[in-house]
Participant: 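One structure coming up, written as structure tokens, with questions to follow.
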2 protein chains.
Amino acid sequence: MRTRPGHREEVVSILLGGADGLRAAGCHVYVVGVSDDDDQTIWVNEVWESKEHHDASLRLPETRAAIATAMPLLTGEFTSQEIRVLGGLGVPPE
Amino acid sequence: MRTRPGHREEVVSILLGGADGLRAAGCHVYVVGVSDDDDQTIWVNEVWESKEHHDASLRLPETRAAIATAMPLLTGEFTSQEIRVLGGLGVPPE
């Protein structure tokens, strides 16, 4: 996702602020990162127990509040790639 | 990474075959996934203790053997994005 100039760190804080509650919602991995040569973009990699768990998490009051707080700080540019996880380290076996 | 037609599952097996040894090499997350609408592409998301740990892992005999086995099955098309991990779930705090 792309943030308005000067707001990257604020959005990172919002994203990380909700990380503690993610495991109970069915999230296995949630990685927030940035690149030192792009001060407006934030990358988020997530692995969920199922698509349904992810969809349900978006309806949680705390998620909705975080999205509402972050939205005005974003440009609206999002790219995403949904994948089917086959295995690895830090994720349950399929 | 992109595989030659018909070789996606074989390359996935090679990638997953080395997953057990990754933690000892300094890897925190290693996610191998595919998309159901693209039968030649494999996505790999990795989080490492440091760039040095990742670089060192590429020099391990088992890694070199896996790369040598997979290489003829790939088209040579790779895209990657290196990010600095700031936190989340499943990764150590910065």
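Note that this is a predicted model, so its numbers are computed, not measured.
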Participant: Between B:Ser35 (side chain) and A:Ile83 (backbone), is there a donor-acceptor pair under 3.5 Å?
Facilitator: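 A pair under 3.5 Å: no.
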Participant: Check whether any side-chain N or O of A:Arg4 sits under 3.5 Å from a backbone N or O of A:Pro72 as a donor-acceptor pair, and report yes or no.
Facilitator: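 Present.
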Participant: For B:Val47, is it the side chain, the backbone, both or neither that has a heavy atom under 4.5 Å from a heavy atom of chain A?
Facilitator: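 Answer is side chain: those atoms of B:Val47 sit under 4.5 Å from chain A.
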Participant: Examine distances only and state if a side-chain atom of A:Thr63 and a backbone atom of A:Ser57 form a donor-acceptor pair shorter than 3.5 Å.
Facilitator: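 Present.
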Participant: Please determine, among B:Asp37, B:Asp36, B:Leu22, the option with the most heavy-atom pairs under 4.5 Å with chain A.
Facilitator: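 Highest number of heavy-atom pairs under 4.5 Å: B:Asp36.
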Participant: Report yes or no: does B:Arg8 contribute a side-chain atom to a donor-acceptor pair with the main-chain N or O of B:Val34 at less than 3.5 Å?
Facilitator: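 The answer is no, because no donor-acceptor pair under 3.5 Å joins these two groups.
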Participant: Would you find more than 12 non-hydrogen atoms of other residues, nucleotides or ligands less than 6.0 Å from A:Glu49 atom CD?
Facilitator: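 Yes, because the 6.0 Å sphere around CD of A:Glu49 holds more than 12 heavy atoms from other groups.
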Participant: Do you know which of B:Ile42, B:Val31, B:Leu89 has the most heavy-atom pairs with chain A at a distance under 4.5 angstrom?
Facilitator: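 Option with the top pair count is B:Leu89.
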Participant: Under 4.5 Å heavy-atom distance to chain A, tell me which part of B:Val32 shows up: side chain, backbone, both or neither.
Facilitator: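 Backbone plus side chain of B:Val32, per the 4.5 Å heavy-atom cut-off to chain A.
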Participant: With a 4.5 angstrom heavy-atom cut-off, could you sort out which part of B:Gln81 is near chain A: side chain, backbone, both or neither?
Facilitator: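 Side chain only.
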Participant: Between B:Leu16 and chain A, with a heavy-atom cut-off of 4.5 Å, which part of the residue counts as in contact: side chain, backbone, both or neither?
Facilitator: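 The answer is the side chain of B:Leu16.
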